[in-house]
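Each chain gets a letter, A, B and so on, in the order its sequence line appears, and its residues count up from 1.
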There are 2 protein chains.
Amino acid sequence: MRVLGIDCGTEITGYGIVDADETSRIPQLICIGFGAIRLPKHKTLPERLLQVREELHAALEAWHPDVVAIEEVFYSVNAKSALKLGQVRGVALLAVAEMGLPVAEYAPLKIKSSVVGYGLAAKEQVQFMVARLLGLADPPQPADAADALAISICHIHTAQTLSIQERGR
Amino acid sequence: MRVLGIDCGTEITGYGIVDADETSRIPQLICIGFGAIRLPKHKTLPERLLQVREELHAALEAWHPDVVAIEEVFYSVNAKSALKLGQVRGVALLAVAEMGLPVAEYAPLKIKSSVVGYGLAAKEQVQFMVARLLGLADPPQPADAADALAISICHIHTAQTLSIQERGR
């Protein structure tokens, strides 16, 4: 299974692609690639939204994931930030849907506990564990790409748990 | 000048197309068409976003506006609603940008005062005045389409004011 995780942001949207080797009993995670869509301030909102769609389509076409995973939005942000984030998130979901790919959503607590084993872990702990789980020397940069990889790992761990539960029935 | 106004909503997104006859000194407004994109609850969010893009593209291709006008978002809504609205609004802006059309944004107060002459007018007053200004027997339905026509009228009135101001220099 190949998962592309997306971490949406108003300025930077990270993405990260992880393969799960399903032949081994012990989960084997392979980092295939990661990157970030940086939206320049001088661009208008419509131009930035076009860029999000274009760069996500390029990533989806380059890496051919089986599924896309995205973070559920944390509602403690204010309404103005939520609207801005929503605009980017809507276009990201559209770009994925245009490719006919399924999308799985995970709550921030679930992502952290899936990667660090602790739902209230600090951002740095998540980035450290992403590097460790993927066998990388350093946490991927920018942090948004590491967060996107964490979302991919969360999907793989969840899918594996579900699969084990199903086999156990 | 032909304007397509969009009134974004999580469940219904209205649109309305108005022509301004620029040859006459007294502003002549002609209602060309209006409609609403109704997003069914049984659809997933990605499916709904695909529908928004598809129906807006169909409207833009059918009516060939010169410019698109949209409401600036009112931040008194809560963060959860703002995120949901943002997702639809982001896709609407993207759909317009894909067609290479310019987008003008207007604050709700500006739209109401441009149509009713009073920024704090009730929704019903706006709908009544939209029908009156466009020479329609009844306010267009659904209300979201009437609101979208109000946004188009606001753009035409603003453009006419700007044009008069420029000639006056």
Original post:
Do any of residues 48-68 of chain B have a heavy atom less than 4.5 Å from a heavy atom of chain A, and if so, which, in residue order?
Top reply: B:Leu49, B:Leu50, B:Arg53

Subject >> Nearest non-hydrogen partners of A:Leu4 and A:Ser152, listed with the distance >> reply: C-OG, 3.7 Å

Subject >> Closest heavy-atom pair and its distance - B:Cys154, B:Thr158 >> reply: O-OG1, 2.6 Å

Original post:
What residue, out of A:Val88, A:Thr44, A:Val91, A:Leu93, has the most heavy-atom pairs lying under 4.5 Å from chain B?
Top reply: A:Val91

Original post:
Do other residues, nucleotides or ligands put more than 12 heavy atoms under 6.0 Å from A:Glu11 CD?
Top reply: no

Original post:
How close do A:Ile12 and A:Ala36 get, heavy atom to heavy atom, and via which atoms?
Top reply: CG2-CB, 3.7 Å

Original post:
Looking at A:Val96 and A:Pro102, what are the two nearest heavy atoms and their distance?
Top reply: CG1-O, 4.5 Å

Original post:
Please walk me through it: do B:Glu71 and B:Lys110 pass salt bridge (charged side-chain N to carboxylate O under 4.0 Å, His left out)?
Top reply: CA-CA 9 Å; B:Glu71 193 176 58; B:Lys110 167 90 184 157; over 6 Å; no

**OP:** Select, from B:Ala97, B:Pro46, B:Ala92, B:Gly86, the one with the greatest count of heavy-atom pairs under 4.5 Å involving chain A.
**Re:** B:Gly86

Subject >> Shortest non-hydrogen contact between B:Ala82 and A:Ala79, atoms and distance >> reply: CB-O, 3.2 Å

